[in-house]
Novice: 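My structure is below; once you've seen it, I'll send some questions.
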Number of protein chains: 2
Amino acid sequence: MNLKQLSHMLSLSQTTVSRALNGYPEVSEETRRRVMDAAKRHGYRPNPSARRLATGKSGMIGYVLPTGAAVDIDPHFVEFLSGLGDYARSHELDLVLSPADADDEETTYRRIVANRQVDAVYLSSPRPADKRLALVNTLGIPFIVHGRSEGFDFDYPYLDIDNEGAFHEAARLLVQLGHKRLALINGNDRETFAIHRERGMRRALAASGLALGERHIRSATMTEENGYRAARRLLEDSEPPTAIVCSSLIMALGVVRAVRDLGLTIPGDLSLVAHDDVFPWLRPENFPVPLSTTRSSIRLAGARVAERLAARISGLEEGARGEVWPVDLVVRGSVAGAPG
Amino acid sequence: MNLKQLSHMLSLSQTTVSRALNGYPEVSEETRRRVMDAAKRHGYRPNPSARRLATGKSGMIGYVLPTGAAVDIDPHFVEFLSGLGDYARSHELDLVLSPADADDEETTYRRIVANRQVDAVYLSSPRPADKRLALVNTLGIPFIVHGRSEGFDFDYPYLDIDNEGAFHEAARLLVQLGHKRLALINGNDRETFAIHRERGMRRALAASGLALGERHIRSATMTEENGYRAARRLLEDSEPPTAIVCSSLIMALGVVRAVRDLGLTIPGDLSLVAHDDVFPWLRPENFPVPLSTTRSSIRLAGARVAERLAARISGLEEGARGEVWPVDLVVRGSVAGAPG
DNA sequence: CAGAATAGCCAAAGCGCTTTGGAAGTCTCT
DNA sequence: AGAGACTTCCAAAGCGCTTTGGCTATTCTG
């Protein structure tokens with residue numbers, strides 16, 4: 001069933017039927033109802049390919065997926081996707097993942113924009129002065145950044161959590177508990193979120209006249225192994241920290257293992273706080289010692305990004321609106337007063 | 001730059017230019033070269049929307065993503081995706097994720113094939129007599145199943161690992177080590193992979209005159225917490241197992257925690273083997289006691305599925321070829337002879 | 001060397017939708 | 001009653017590609 005058949009069936013022109021279906025005003029209410037009815041009854045669905053060709057709109061949102069033998073997709077991605085899907089489903093929005101060589105995402109961005117494959121894109125894990133962001137901005141396709149960049153002379157729409165505030169609060173709590181030597185096990189420090197977290201922590205320490213020594217910061221991709229290594233390094237130092245703030249639950253697993261291997265205990269010898277993106281399959285309350293966390297559901301963020309993307313596509317949202325979500329600090333058994 | 005302009009520029013018809021570009025034989029080699037050159041020089045890229053409308057082919061592969069507030073996307077998905085992306089990238093194949101209500105995926109499948117949004121789809125986590133599989137089979141769109149179903153009177157193309165063989169081997173090893181009371185902590189037992197694993201284990205036990213008691217099988221979605229609960233249940237039983245085979249690394253985390261909580265040790269009191277899909281962020285050799293595993297890279301599977309999907313789209317692969325990958329058994333410190 | 005086959009090219013007809021630029025019909029106002 | 005302003009609909013021109021059905025030369029057959 002296509003437009004031609006449907007309109008013939010109704011003894012109307014394709015124009016009128018098309019307009020009736022798409023809610024244009026220049027068609028009488030009665031006609032519109034008649035058309036709508038017939039369309040529903042015959043299960044008419046406009047052919048998206050044809051519509052695309054005519055309008056240039058695809059009804060899809062895009063994401064450029066960096067790939068390569070050495071590139072691992074972050075498991076956070078899947079949770080974000082859950083949220084995105086939740087929203088997209090109810091709006092018949094599809095998501096197209098365009099895999100790109102991690103060393104050359106630009107070509108792919110240019111391609112999907114030139115081809116008008118998607119109506120909007122989102123970017124994630126931005127870095128300061130991220131090239132992708134500048135590119136997408138000049139290409140003129142609607143977009144939203146999940147996270148933030150820095151160092152641009154233009155504004156852009158984003159959704160981010162208050163990483164700085166979260167780690168500020170976490171550190172402040174630890175300081176209040178009497179800790180003087182804090183350490184940070186961060187994610188990849190070329191990404192903005194990691195920079196913000198470090199900044200938050202430094203600010204909290206500075207407020208009490210303390211500092212975060214260079215040897216007390218470790219940064220690496222967020223795997224269990226890297227958490228372990230970082231913790232070993234820190235704890236075997238001559239001046240080991242009495243509290244660690246950690247950028248991810250997965251790394252925290254490694255930290256816990258290191259603490260055990262060294263015969264130490266949480267929170268007796270070490271207080272631990274980690275950031276929790278809320279995975280269904282790994283929960284901080286189920287750590288050997290329930291883990292204190294800064295918590296923010298990445299899934300909710302996914303849904304919100306989808307919602308805003310949809311709004312931008314339909315012109316309901318404009319401008320460079322930034323949105324920053326507060327982060328909960330959830331205190332559990334893994335923190336205690338500083339030892340000794 | 002579109003076809004019209006390009007052909008005008010070459011003083012050729014659109015027909016000829018189109019054919020030259022698409023490798024049709026009825027154009028002379030010299031002309032083809034001339035056309036190819038000009039196309040490259042001017043960066044001509046055929047408009048995919050137009051091509052789609054004309055041919056019905058989209059150059060994308062599809063995946064229907066079950067979503068919903070109560071639905072969690074498996075973290076394995078992201079690893080599979082890495083592999084898929086690896087292959088797809090080099091072939092300019094995009095992947096479109098169509099989120100669907102987990103209770104009604106059928107509508108979405110029908111939509112994407114009716115709309116010809118994708119040239120092929122893949123299914124994952126199939127169950128016995130999986131409706132999606134029957135549906136996709138009758139809809140006539142090229143597809144590949146990642147995993148296997150059972151109980152159909154037709155064959156279908158799939159890629160699966162030898163789950164039965166893997167768990168057979170794992171159990172056999174444990175039996176050889178003298179274990180008599182084995183337990184299985186499985187994934188969702190409505191999925192075929194879980195059924196196969198159970199079958200493999202039963203077969204190994206039966207071969208030695210042993211059996212897998214109902215109380216020694218637990219099945220749940222693969223989270224740390226479920227692993228913990230299952231292990232507690234098993235180990236606090238009046239006849240606790242001396243060895244556990246576990247369907248995932250994430251669940252194994254929970255098992256390890258339970259063992260600790262109960263004051264037991266691995267492998268002294270309990271031998272443990274788990275299946276490892278090879279996550280970059282959680283490695284069995286880094287468990288408190290290095291974990292023995294049945295190992296199969298889900299990422300490689302993703303790449304292979306993409307490759308076969310591409311082959312099916314271009315008609316290079318036909319028929320219902322099933323492909324089953326063997327699984328490595330990797331023995332590490334978490335297994336030992338049965339206690340006392 | 002006539003007739004058949006083949007190679008190489010082209011005009012035009014789709015693919016199924018949206019949108020432009022009217023054209024008729026109906027009302028309103030002076 | 002005629003001019004202007006709406007309202008409601010339509011024919012036809014795209015969107016940019018592929019593909020069908022020829023139409024010329026050129027080459028091959030017997």
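Basis for what follows: all heavy atoms, side chains included, without hydrogens, waters or symmetry-related copies. These numbers were taken from a predicted model, which means no experiment stands behind them. Sequence lines set the chain letters: A, B, ... in the order given, protein chains first and strands last, and positions in each chain run from 1.
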Novice: Measure the distance from CG on B/Leu6 to P on C/dC10 and round it to the nearest whole Å.
Specialist: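 It is 13 Å, rounded to the nearest whole Å.
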Novice: Quick one: does B/Ser18's side chain have a donor or acceptor within less than 3.5 Å of a partner on B/Gln14's backbone?
Specialist: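 Looks like no, no N/O pair under 3.5 Å.
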Novice: Can you tell me if B/Thr67 and A/Arg89 form a side-chain donor-acceptor pair at under 3.5 Å?
Specialist: yes
Novice: Can you find a side chain N or O atom of A/Tyr24 that sits less than 4.0 Å from OP1 or OP2 on C/dT19?
Specialist: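 So the side-chain polar atoms of A/Tyr24 do come within 4.0 Å of the phosphate oxygens OP1 or OP2 of C/dT19, strictly under.
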Novice: I need the CG-C1' distance between B/Asn2 and D/dT18, as an integer number of Å.
Specialist: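 So the CG-C1' distance, B/Asn2 to D/dT18, works out to 14 Å.
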Novice: How long is the line joining CG of B/Leu53 and C1' of C/dT18, in whole Å?
Specialist: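 Answer to the nearest Å: 12 Å.
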Novice: Start at the 5' end of DNA chain D and walk down; is the nucleotide closest to A/Gln14 or to B/Arg19 reached first?
Specialist: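 Closer to the 5' end of DNA chain D: A/Gln14.
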Novice: B/Leu10 CG to C/dG8 P: how many Å, rounded?
Specialist: 17 Å
Novice: Does A/Tyr158 use its side chain to pair, donor to acceptor, with the backbone of A/Ser149 at less than 3.5 Å?
Specialist: no
Novice: At 4.0 Å (heavy atoms only), tell me whether A/Ser7 reaches a base, stays on the sugar-phosphate, or touches nothing.
Specialist: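 Result for A/Ser7 = nothing.
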Novice: What is the distance, rounded to the nearest whole Å, between atom CG of A/Asn47 and atom P of C/dG14?
Specialist: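 For the pair A/Asn47 CG and C/dG14 P, the rounded distance is 17 Å.
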Novice: Closest to the A/Thr55 side chain: C/dA12, C/dT19, C/dC17?
Specialist: C/dT19
Novice: What does A/Ser49 touch in the nucleic acid at a heavy-atom separation under 4.0 angstrom: a base, only the sugar-phosphate, or nothing?
Specialist: nothing
Novice: Heavy atoms under 4.0 Å, any strand shown: does B/Thr15 hit a base, just sugar-phosphate, or nothing?
Specialist: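 Touches a base.
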Novice: Can you tell me how far P of C/dT18 sits from OH of A/Tyr44, to the nearest Å?
Specialist: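 Roughly 6 Å, once rounded to whole Å.
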Novice: Would you tell me if any nitrogen or oxygen in the side chain of A/Ser18 comes within less than 4.0 Å of OP1 or OP2 on C/dT18?
Specialist: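 Yes, within the criterion.
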Novice: Just compare D/dC17, D/dC9, C/dG16 and give me whichever is closest to any side-chain atom of A/Glu26.
Specialist: D/dC9
Novice: Check the distance between C/dG16's P and B/Asn115's CG and give it to me in whole angstrom.
Specialist: 12 Å
Novice: Answer with yes or no whether the side chains of B/Arg51 and B/Asn22 bring together a donor and an acceptor at under 3.5 Å.
Specialist: yes
Novice: Could you pick out which residue, B/Thr16 or A/Arg51, lies toward the 5' side of DNA chain C when each is mapped onto its nearest nucleotide?
Specialist: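 Closest to the 5' end, via its nearest nucleotide, is B/Thr16.
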Novice: Centroid separation under 6.0 Å, is that true for the rings of A/Phe143 and A/Tyr122?
Specialist: no
Novice: Where each residue is assigned the nucleotide of DNA chain C containing its nearest heavy atom, which of B/Val17 and A/Pro46 is assigned the position nearer the 5′ end?
Specialist: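 The residue closer to the strand's 5' end, by nearest nucleotide, is B/Val17.
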Novice: To the nearest Å, how far apart are B/Leu21 CG and C/dC9 C1'?
Specialist: 16 Å
Novice: Return no unless some side-chain N or O of A/Thr31 is found under 4.0 Å from OP1 or OP2 of D/dT8.
Specialist: no
